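Numbers here simply count residues along the sequence, with the first being 1. Here the structure is a predicted model, which means the values were calculated and not measured.
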Amino acid sequence: VQLQASGGGLVQAGESLRLSCRASGSIFSSDVMAWYRQTPGKQRELVASIGSRGRTKYADPVKGRFSISRDNTKNTVDLQMNGLNPEDTALYYCYGQITFYDVTRLVTDEFWGLGTQVTVSS
């Protein structure tokens, strides 16, 4: 199983970006999917998460500005980021709890995508 993220870039304060992440492989199902972010010298922090039935959770700094969504048929999770500010500058990581086929059995594990850089200029 692999998670591939895209959509990062350089924007000005107040603008928007949309991050997308697609899981590929022998996937049976996915439970929680999420976006995290990390800046140099700091721990990776949760930005937003979404359960398999659509229940969402957001970090306080992004509430009201970011929106997470998923498409279970496509194994994708997106993060719409509006009203970006310089404090949102970070490397954003896609995360998923995924059940996949392993020869003759189902295995559930956690997966991370490679980070995608989001830079917001003031």
Side-chain angles (χ1 to χ4, degrees):
V1 174
Q2 290 186 332
L3 300 183
Q4 185 168 3
S6 61
L10 171 64
V11 297
Q12 294 186 336
E15 293 185 341
S16 300
L17 276 176
R18 188 177 184 87
L19 304 183
S20 295
C21 177
R22 180 176 180 272
S24 61
S26 300
I27 297 170
F28 174 77
S29 65
S30 58
D31 193 357
V32 174
M33 299 194 77
W35 288 93
Y36 286 73
R37 66 186 182 187
Q38 188 172 22
T39 55
K42 293 188 177 181
Q43 288 189 332
R44 194 171 298 186
E45 62 178 9
L46 176 68
V47 177
S49 65
I50 184 167
S52 59
R53 298 184 180 182
R55 185 170 185 174
T56 58
K57 178 181 178 181
Y58 296 93
D60 286 342
V62 307
K63 284 181 180 177
R65 299 188 297 123
F66 291 12
S67 178
I68 189 170
S69 60
R70 65 187 289 166
D71 185 333
N72 292 333
T73 65
K74 298 179 180 179
N75 294 315
T76 58
V77 58
D78 291 348
L79 184 68
Q80 178 65 41
M81 305 184 293
N82 299 326
L84 286 162
N85 58 59
E87 289 70 38
D88 296 316
T89 295
L91 197 58
Y92 283 70
Y93 294 90
C94 176
Y95 163 90
Q97 294 176 350
I98 295 173
T99 299
F100 61 97
Y101 297 96
D102 181 17
V103 190
T104 60
R105 62 183 184 138
L106 293 176
V107 177
T108 300
D109 205 346
E110 299 180 330
F111 296 89
W112 293 90
L114 297 178
T116 183
Q117 179 68 38
V118 172
T119 303
V120 185
S121 63
S122 57

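Within 6.0 Å of CD on Gln38 lie more than 12 heavy atoms contributed by other residues, nucleotides or ligands. Other residues, nucleotides and ligands contribute only 12 or fewer heavy atoms inside 6.0 Å of the CG atom of Leu114. Crowding of Gln4 atom CD: a count of heavy atoms from other residues, nucleotides or ligands under 6.0 Å not exceeding 12.
Among all heavy-atom pairs drawn from Lys74 and Arg22, the shortest one is O-CG, 4.1 Å. Closest approach of Ser49 to Leu46, counting heavy atoms only: CB-CD1, 4.2 Å. Considering every non-hydrogen atom in both Gly8 and Leu17, the closest pair reads C-CD1, 4.5 Å. Of all non-hydrogen atoms in Arg18 and Ser69, the two that sit nearest each other are NH2-OG, 3.7 Å.
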Open item on the list: For Leu84 and Phe66: C-alpha separation, side-chain torsions, deciding distance, then whether side chain to side chain contact (heavy atoms under 4.5 Å, CB included) applies.
Closed with: CA-CA 9 Å; Leu84 286 162; Phe66 291 12; 3.8 Å; yes

TODO: Report the C-alpha separation of Leu19 and Val118 in whole Å, then their side-chain angles, then the decisive distance to 0.1 Å, and conclude whether the side chain to side chain contact (heavy atoms under 4.5 Å, CB included) test is met.
DONE: CA-CA 9 Å; Leu19 304 183; Val118 172; 4.1 Å; yes

Open item on the list: Run the ring pair (Phe, Tyr, Trp, His ring centres under 6.0 Å) test on Tyr101 and Phe28 for me, step by step, so that the C-alpha distance in whole Å, both residues' side-chain angles and the decisive distance to 0.1 Å come before the verdict.
Closed with: CA-CA 6 Å; Tyr101 297 96; Phe28 174 77; 5.8 Å; yes

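In this structure, the side chains of Asn75 and Ile98 stay at 4.5 Å or more apart for every pair of heavy atoms. Residues Val1 and Ile27 are in side-chain contact: their nearest non-hydrogen atoms beyond the backbone lie under 4.5 Å apart. Inter-residue side-chain proximity for Cys94 and Trp112 is flagged as unmet; no heavy-atom pair is nearer than 4.5 Å.
Between the Asn72 side chain and the Ser52 main chain, a donor and an acceptor come within less than 3.5 Å of each other. Although no hydrogens or angles enter the test, the distance criterion places a donor-acceptor pair under 3.5 Å between the side chain of Tyr58 and the main chain of Ile68. Using a distance-only test at 3.5 Å, with no hydrogens or angles considered, a donor-acceptor pair links the side chain of Arg70 to the main chain of Gly51. Side chain of Ser20 to main chain of Asp78: no donor-acceptor pair is present (N/O by atom type, distance under 3.5 Å, no hydrogens or angles).
The hydrophobic clustering, which links ILVMFWY residues whose side-chain heavy atoms are closer than 4.5 Å, places Tyr93 and Leu79 apart. Val107 and Leu3 fall within the same hydrophobic cluster, defined by Ile, Leu, Val, Met, Phe, Trp and Tyr side-chain heavy atoms under 4.5 Å apart, directly or through other members. By the criterion of side-chain heavy atoms lying less than 4.5 angstrom apart, applied directly or through intervening Ile, Leu, Val, Met, Phe, Trp or Tyr residues, Val11 is grouped together with Trp35 in one hydrophobic cluster.
Rounding to the nearest 0.5 Å places CD of Glu45 at 7.0 Å from OG1 of Thr39. Interatomic distance, Asp71 CG to Thr76 OG1, rounded to the nearest 0.5 Å: 4.5 Å. Ser29 contributes atom OG, which lies 7.5 Å from atom CG of Leu106 (distance to the nearest 0.5 angstrom).
Taking the six-membered ring where tryptophan is involved, the planes of Tyr36 and Tyr95 are perpendicular, since the angle between them exceeds 60° and thus also 30°.
By the salt bridge (charged side-chain N to carboxylate O under 4.0 Å, His left out) test, Arg105 pairs with Asp102, sequence neighbours left out. Under the salt bridge (charged side-chain N to carboxylate O under 4.0 Å, His left out) criterion, Lys63 pairs with Asp60, sequence neighbours left out.
Note on residues 81-94: pairs passing salt bridge (Lys or Arg N to Asp or Glu O under 4.0 Å), not counting sequence neighbours, are Arg37-Asp88, Arg65-Asp88.
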